[in-house]
Amino acid sequence: QVQLAESGGGLVQDGGSLRLSCAASGRTFSSYHMGWFRQAPGKERVFVAAISGSGGRVSYADSVKGRFTISRDNARSTVLLQMSSLKPDDTAVYYCAADSRQRYRLLTTPFAYDIWGQGTQVTVSS
């Protein structure tokens, strides 16, 4: 089974940029839809972005459209989240997740994703 490990989080000023990376182990990475979610203190885990197994379809939360870009490199079993124009409201733990059920639909609910990384903290200071 695929295991996921996020990296790239940190502290950045309002308006800054960060790039998160999620490295996957396992040989079936390209068949999994991948998603990024985030969870702020005291709040539920919410959808940020998702990308289909082939990389041909993407989806974004309205709150990050135009600022965040999700991509993947199946040869390197990696999914990236490029974050720009960061705001204090983007502060959260960011999680990488995989939907291993090989469905066609690219879903945005965390309940569709069955493999999760440990998370990486992103803090945006004002």
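Predicted model only: the values in this text are computed from it and were never measured. For reference, positions follow the sequence shown, starting with 1.
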What one should report as the nearest heavy-atom pair of V48 and F68 is CG1-CD2, 3.7 Å

Heavy-atom closest pair (W36 atom, C22 atom, distance to 0.1 Å) is CZ2-CB, 3.7 Å

Taking every heavy atom of S100 against every heavy atom of I115, the minimum-distance pair comes out as CB-CD1, 4.1 Å

- request: State, with a plain yes or no, whether a side-chain heavy atom of S17 is found less than 4.5 Å away from one of V12.
  value: no

The ring-ring contact (aromatic ring centres under 6.0 Å, His included) partner of F37 among Y94, W116, F111, Y95 is W116

Looking only at heavy atoms, the pair that brings D114 and D99 closest together is OD1-CA, 3.7 Å

**Asked** Counting heavy atoms not belonging to R101, are there more than 12 under 6.0 Å from its CZ?
**Response** yes

>> Would you say that more than 12 heavy atoms from the other residues, nucleotides or ligands in this model lie under 6.0 Å from the CD of Q3, or not?
In response: no

How far apart are the C-alpha atoms of V2 and M34, what are their side-chain angles, what is the distance that settles it, and do they pass the side-chain contact (heavy atoms from CB on, under 4.5 Å) test? CA-CA 11 Å; V2 169; M34 298 296 297; over 6 Å; no

Closest non-hydrogen contact found for Y60 with F47 is C-CE2, 3.6 Å

Next item on the list: Could you tell me whether R19 atom CZ has more than 12 heavy atoms of other residues or ligands within 6.0 Å of it?
Entry: no

Closest non-hydrogen contact found for Y113 with G35 is CE2-N, 3.6 Å

Would a 4.5 Å heavy-atom cut-off, applied to side chains only, mark D90 and M83 as touching? no

- Message: In this structure, would L18 and I70 fall into the same cluster of hydrophobic residues linked by side-chain contacts under 4.5 Å?
- Response: yes

